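The structure appears below as structure tokens.
Both counts, for ligands and for their atoms, begin at 1 and track the order of listing. This is a predicted model, so every value here is computed, not measured.
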Amino acid sequence: MTYTNQTISDLKQTSPAQAEFYQAVEEVLNSLDPILESNSKYRQQAIIQRIVEPERQIMFRVPWIDDNGDIQVNKGYRVEFNSALGPYKGGLRFHPSVNASIIKFLGFEQIFKNSLTGLSIGGGKGGANFNPRGRSNNEIMRFCQSFMSELYRHIGPTTDVPAGDIGVGAAEIGYMFGQYKRLTGRYEGILTGKGLLWGGSLARKEATGYGTVYFADNMLKAREDSLEGKTCLVSGAGNVAIYAMEKLYQLGATPISCSDSSGTIYHPNGIDLELVKQLKEQQQASLIAYIEKYPNAKYTPTSDYPSDGHAVWRYCADAAFPCATQNELTKSDAEELLANGCHLVCEGANMPSTQEAADLFVASDIAYGPGKAANAGGVATSQLEMAQNASMQKWTFEQVDQQLQHIMENIFVTANETAKEFGQAGNLVLGANIAGFRRVADAMIEQGVV
Ligand code: NDP
């Protein structure tokens, strides 16, 4: 049995029914053979067995009262995965699909992503199976207050600093921050993604989407190409997708699709970004409203599409930016993209490509930027928010954006050089996984068996 198979088999015994978590572990371990073979210290120190086990997992009840006066109960999570490099850092996700497996896969990915940024941040993730959709503002506030009434005991500016993720934007961060302050009496940087009036950083909102596009730009520059004039398929219509589209336009490319959980818009003239912002950021409406203004754009409801594929990847374009959710790009989607001449895939979402799809991209000669590297701009800018909070400073948008560009370039160079070092030039999956792993693993060894 290979080392990876043995680890997955052990995890299935000790952490049953966590398919997404096994998938994330397998994806990382598959890349690590070269470094595990050339460095016996990682095996002697049982680094793999230690790194796949979270340092701490917190699961809690989140009771709250809806607008009808009925009691609702959700499940809350915070997985503090690894603190070898700094305080746990990673977002909170509020979505009905949230369970221990999803939070563990996200927390595991976060360890290596945070390591790759070169900053002093450990890995964690949290959330709840709460669906904010269709809930009133007051319901969302009561939910957030109840969630924080437990979470506050476990977080702190030097221990664990959560941020947003799917379903957690500025409003939710505000309600949770307010409750933390009320419970503890302390005004401190325990969350990032805060409002600009009270400790937030300029450019944090834009950072993940912009950073993903900067990463794509770096991949293309290394191939003596650029984004100028490229057509791009984008999935999602949330925070990451919107600001990826904004940066694509700024760099001369044209996003021609976007999607939400109900359907996909294909608009070959170029997506009207202001309309998408209005629908999603202001009205929380479905993308179907897009075709009221643009009847020539094509709308495909998700329910019209077979389960093994997604409409958004079935169009011809130079590049693809999956920015919605995990496993949203399957093997058949990948085959279609490659057959249609797509020559760059850059992941804004976490683990959007299934393992089979990712394997196809790696085996082809396209530029493929895995989420762990390509979407690290969000967490990196969260760390810049922490730095501003700690030093009581406020940097300009340009200062933060410049640092973001610099960090994304460094991540690309690190992943690219590491891939070359291990004889697999161009394989950024392998490069990102090994580089992220090496920094955390070496820190764990230096800190002893803890
Ligand atoms: P948002 O909640 O802002 O947006 C998510 C978008 O994806 C929404 O438009 C949502 O549709 C859509 N979506 C969700 N599920 C599906 C689905 N099954 N099919 C099609 N569309 C879907 O989240 P973010 O933009 O913040 O996050 C997107 C991804 O990026 C996630 O994987 C997240 O973990 C990752 N990420 C986010 C970071 C951040 O800073 N925000 C940092 C790093 C990674 P609808 O509008 O219908 O809900």
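Atom 39 (C) of ligand 1 has its closest protein heavy atom at Thr208 OG1, 3.4 Å. Residue, atom and distance of the protein heavy atom nearest to atom 20 (C) of ligand 1 are Asp260 O, 3.2 Å. The protein heavy atom nearest to atom 4 (O) of ligand 1 is Gly238 CA, 3.2 Å. Among all protein heavy atoms, the one lying closest to atom 9 (O) of ligand 1 is Ala237 N, 3.0 Å. Scanning the protein heavy atoms around atom 24 (P) of ligand 1, the nearest turns out to be Val240 CG2, 3.8 Å. In terms of protein heavy-atom proximity, atom 11 (O) of ligand 1 is nearest to Ser261 N, 3.2 Å.
Neither the backbone nor the side chain of His310 has a heavy atom within less than 4.0 Å of ligand 1. Residue-level proximity to ligand 1 for Asn350 is carried by backbone and side chain together, each with a heavy atom below 4.0 angstrom. Contact annotation: for Pro352 versus ligand 1, there are no heavy atoms closer than 4.0 Å.
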Next item on the list: Kindly determine whether Phe108 and Phe81 satisfy ring pair (Phe, Tyr, Trp, His ring centres under 6.0 Å), including the steps that lead there.
Entry: CA-CA 7 Å; Phe108 186 72; Phe81 227 117; 5.8 Å; yes

Next item on the list: For the pair Asn138 and Asp67, evaluate side-chain hydrogen bond (donor to acceptor under 3.5 Å, both in side chains) and give the outcome as yes or no after the intermediate values.
Entry: CA-CA 8 Å; Asn138 280 336; Asp67 286 347; 5.4 Å; no

Note to self: The test is side chain to side chain contact (heavy atoms under 4.5 Å, CB included); show your working for Gln23 and Glu27 and say whether it passes.
What the structure shows: CA-CA 6 Å; Gln23 182 185 341; Glu27 190 266 331; 5.7 Å; no

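Close N/O approach between Arg93 and ligand 1 is found [any backbone or side-chain N/O within under 3.5 Å]. Geometrically, ligand 1 and Arg133 share a nitrogen or oxygen pair separated by less than 3.5 Å. Note: an N/O pair closer than 3.5 Å links Lys280 and ligand 1 by distance alone. Considering backbone and side-chain atoms together, Thr325 places no N or O closer than 3.5 Å to any N or O of ligand 1.
Close approach to Arg204 involves these atoms of ligand 1, each under 4.0 Å from a residue heavy atom: 40 (O). Taking every heavy atom of Gly167 and a limit of under 4.0 angstrom, the matching atoms of ligand 1 come to 2 (O).
Residues Phe130 and Phe147 keep their aromatic ring centres 6.0 Å or farther apart. For Tyr22 and Phe105, the ring centers are positioned 6.0 Å apart or more. Here the two rings, on Phe177 and Tyr187, have centers that are under 6.0 Å apart.
In this comparison of Ala324, Ala380, Gly236, the heavy atom closest to atom 5 (C) of ligand 1 sits on Ala324. Distances from atom 34 (O) of ligand 1 to the heavy atoms of Val312, Asn239, Asp165 show the closest one on Asp165.
Put simply, the residue from Arg78, His154, Lys89 that forms a side-chain hydrogen bond (donor to acceptor under 3.5 Å, both in side chains) with Asp160 is Arg78. Tested against Tyr368 for a ring-ring contact (aromatic ring centres under 6.0 Å, His included), the candidates Phe361, Phe215, Phe321 yield a single pass: Phe361.
The closest side-chain heavy-atom distance from Ile173 to Val168 is below 4.5 Å. Looking at Asn218 and Asn416, their side chains never come closer than 4.5 Å, going by heavy atoms from C-beta outward.
Counting only N and O atoms by type, the side chains of Asp401 and Tyr210 include no donor and acceptor under 3.5 Å apart.
The shortest separation from a heavy atom of Gly348 to ligand 1 is under 4.0 Å, placing the residue in contact.
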